[in-house]
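Below is one structure, written out as structure tokens; comments come after it.
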There are 2 protein chains.
Amino acid sequence: MTDTEWLRLNRQICFSLHAASRAFNSVYRLILKDLGLTYPQYLVMLVLWEHGDLPVKKLGEQLRLDSGTLSPLVKRLEGAGLVRRERSAQDERSVRVHLTEEGTALRERALEVPPRIMSATGLDLAEVVDLHARLERLTTALDAAAEAEARAAG
Amino acid sequence: MTDTEWLRLNRQICFSLHAASRAFNSVYRLILKDLGLTYPQYLVMLVLWEHGDLPVKKLGEQLRLDSGTLSPLVKRLEGAGLVRRERSAQDERSVRVHLTEEGTALRERALEVPPRIMSATGLDLAEVVDLHARLERLTTALDAAAEAEARAAG
DNA sequence: GCCCATTTAGTTGTGTGCAACTCAGTTGTG
DNA sequence: CACAACTGAGTTGCACACAACTAAATGGGC
């Protein structure tokens with residue numbers, strides 16, 4: 001393969017993931033507009049609906065986001081009346097994110113989102129599950145590579 | 001499937017694409033640090049190395065980015081001395097982005113990026129090409145769905 | 001008990017990504 | 001020619017994402 005072909009292939013591959021992610025985001029933006037949520041805010045709500053109240057730290061682990069992203073995001077959710085933040089009594093460093101009544105109630109309306117998203121992908125359940133598995137493996141490999149790079153650089 | 005399972009699966013799928021995209025970004029950030037480029041800036045440079053000078057409009061079509069993103073990004077590339085912007089004489093609305101000598105020279109150093117990225121994915125060429133095809137189809141379907149949503153809403 | 005490394009949130013600054021807007025230049029129509 | 005519609009860049013405002021930092025609280029070693 002020539003240099004030109006390598007660069008071209010590289011662009012296609014890496015761009016396709018970037019583009020797919022943004023396309024997903026666009027569809028979510030449209031579907032979530034009614035709920036008044038952005039896509040990352042919706043992810044936070046999904047985690048809370050699934051696990052119940054969590055400290056910011058645990059939210060970050062679930063979503064691979066640090067406090068620099070989560071702090072203002074959760075503040076916006078609090079501003080919207082969907083969650084409440086409370087310092088833990090046991091550990092004053094920790095802030096627990098609680099669902100409000102309104103936040104809990106929003107789950108009912110959010111149930112219509114998954115089928116609409118599934119339909120938008122044009123994929124059937126098996127294909128989606130397969131893609132999910134591939135992307136998980138890819139992410140794991142990329143994380144390991146980033147770790148190796150960071151070690152090599154540091 | 002129960003509501004809970006649906007929401008959970010939905011979170012996993014959509015999150016996996018988001019996470020993979022961010023993991024890719026992290027690896028690029030480390031590898032591109034030496035070149036002084038961000039990942040989107042690198043994508044712009046790849047397009048310019050491949051197609052030669054282009055108006056901002058065409059760059060946007062290649063990368064699916066609008067002027068709101070591209071204008072400041074190209075300005076930063078200009079600030080770094082990699083490109084030059086020139087108003088078209090034929091159509092005064094159009095701004096053509098030219099590679100500078102420095103921008104052209106950077107391509108040589110950028111040739112080491114694709115093999116490092118390939119290695120970071122932990123995938124072989126066939127798997128990467130297959131993933132690319134799946135993601136392209138997914139993006140096409142999502143774009144069509146977004147179009148349909150927008151029509152329904154508007 | 002005291003000091004220090006660690007942990008948890010939060011803040012600041014930079015760079016996208018996108019909607020909504022402005023402005024200048026171009027084109028189609030009567 | 002005049003005028004309205006359109007087009008290409010750019011600007012503004014908002015919301016992530018992340019690096020680098022600060023501040024407060026905790027826990028371990030002495």
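Sequence lines set the chain letters: A, B, ... in the order given, protein chains first and strands last, and positions in each chain run from 1.
- To the nearest angstrom, C1' of dG10(C) lies 11 Å from CG of Leu70(A).
- Residue contacts for Lys75(A): at a heavy-atom cut-off of 4.0 Å it reaches the sugar-phosphate backbone alone, with no base atom in range.
- Across dG10(D), dC18(C), dG10(C), the shortest atom-to-atom separation from the side chain of Val95(B) is found for dG10(D).
- With dA19(C), dT11(D), dG10(C) as the choices, the nucleotide that has an atom nearest any side-chain atom of Arg85(A) turns out to be dG10(C).
- Considering only side-chain atoms of Ser71(A), the nucleotide from dG15(C), dA9(C), dC18(D) that sits closest is dA9(C).
- Nucleic acid contact class of Gln90(A) (heavy atoms, under 4.0 Å, all strands): sugar-phosphate only.
- When each of dA17(D), dA25(D), dA9(D) is scored by its nearest atom to the side-chain atoms of Asp91(A), the top-ranked nucleotide is dA25(D).
- Linking Ile, Leu, Val, Met, Phe, Trp and Tyr residues whenever their side-chain heavy atoms come within less than 4.5 Å places Val56(A) and Trp49(A) in a single cluster.
- One hydrophobic cluster, built from ILVMFWY side chains closer than 4.5 Å, holds both Val113(A) and Leu138(B).
- For the pair Leu73(A) CG and dC18(D) P, the computed distance is 13 Å after rounding to whole Å.
- Regarding contacts with the backbone of dG17(C), a side-chain N or O of His18(A) is found under 4.0 angstrom from either OP1 or OP2.
- A salt bridge is defined here as a Lys NZ or Arg NE, NH1 or NH2 lying under 4.0 Å from an Asp or Glu carboxylate O, and Asp143(B) with Arg64(B) meets this definition.
- Salt bridge annotation for Asp34(B)-Arg109(B): absent, with no cationic side-chain nitrogen under 4.0 angstrom from a carboxylate oxygen.
- In this structure, the OH atom of Tyr39(B) is 16 Å from the P atom of dA17(D), given to the nearest Å.
- Mapping Ala23(B) and Ala89(A) onto DNA chain D by nearest heavy atom places Ala23(B) closer to the 5' end of the strand.
- Side-chain N/O atoms of Gln41(B) include one lying less than 4.0 angstrom from OP1 or OP2 on dT16(C).
- Residue contacts shown for Arg96(B) are absent, as no nucleic acid heavy atom lies under 4.0 Å away.
- If you check dC16(D), dA9(D), dG10(C) against the side chain of Thr69(A), the one that comes closest is dC16(D).
- Nearest to the side chain of Ser94(A), among dA17(D), dT8(C), dA9(D), sits dT8(C).
- Inter-residue side-chain proximity for Leu17(B) and Leu17(A) is flagged as met; some heavy-atom pair is nearer than 4.5 Å.
- Between Asn25(A) atom CG and dC16(D) atom P the separation is 10 Å, expressed in whole Å.
- A side-chain donor from one of Arg107(B) and Thr4(A) sits under 3.5 Å from a side-chain acceptor of the other.
- Atom CZ of Arg87(A) is separated from atom P of dT7(C) by 18 Å (rounded to the nearest Å).
- A donor-acceptor contact under 3.5 angstrom links the side-chain atoms of Arg93(B) to the base of dT7(D).
- In this structure, Leu30(A) places its CG atom 12 Å from C1' of dC18(C), rounding to the nearest Å.
- With hydrogens and angles ignored, no donor-acceptor pair closer than 3.5 Å exists between the side chain of Ser67(B) and the base of dG8(D).
- Note on Lys33(B): every side-chain N or O is 4.0 Å or more away from OP1 and OP2 of dA19(D).
- As judged by a 4.0 angstrom heavy-atom cut-off over every strand, Thr38(A) is placed among residues touching the sugar-phosphate backbone only.
- Note on Pro72(A): nothing from the nucleic acid sits closer than 4.0 angstrom, heavy atoms only.
- Atom-to-atom, OH of Tyr28(A) to P of dA19(C) comes out at 18 Å; the value is rounded to the nearest Å.
- Between the P atom of dC18(C) and the CG atom of Leu63(B) lies a distance of 11 Å, rounded to the nearest Å.
- Contact annotation: Arg76(B) reaches the phosphate of dT16(C) (side-chain N/O to OP1 or OP2, under 4.0 Å).
- Cluster annotation: Tyr42(A) and Leu73(A) are assigned to the same hydrophobic cluster (Ile/Leu/Val/Met/Phe/Trp/Tyr, side-chain heavy-atom contacts under 4.5 Å, transitive).
- Applying the 4.0 Å criterion to OP1 and OP2 of dC18(C), one finds that Arg29(A) has every side-chain N and O outside that range.
- dG30(C) is paired with dC1(D) under the Watson-Crick or G-U wobble criterion, all donor-acceptor distances under 3.5 Å.
- The Glu92(A) side chain lies nearest to dA25(D) when the options are dA25(D), dC16(D), dC18(C).
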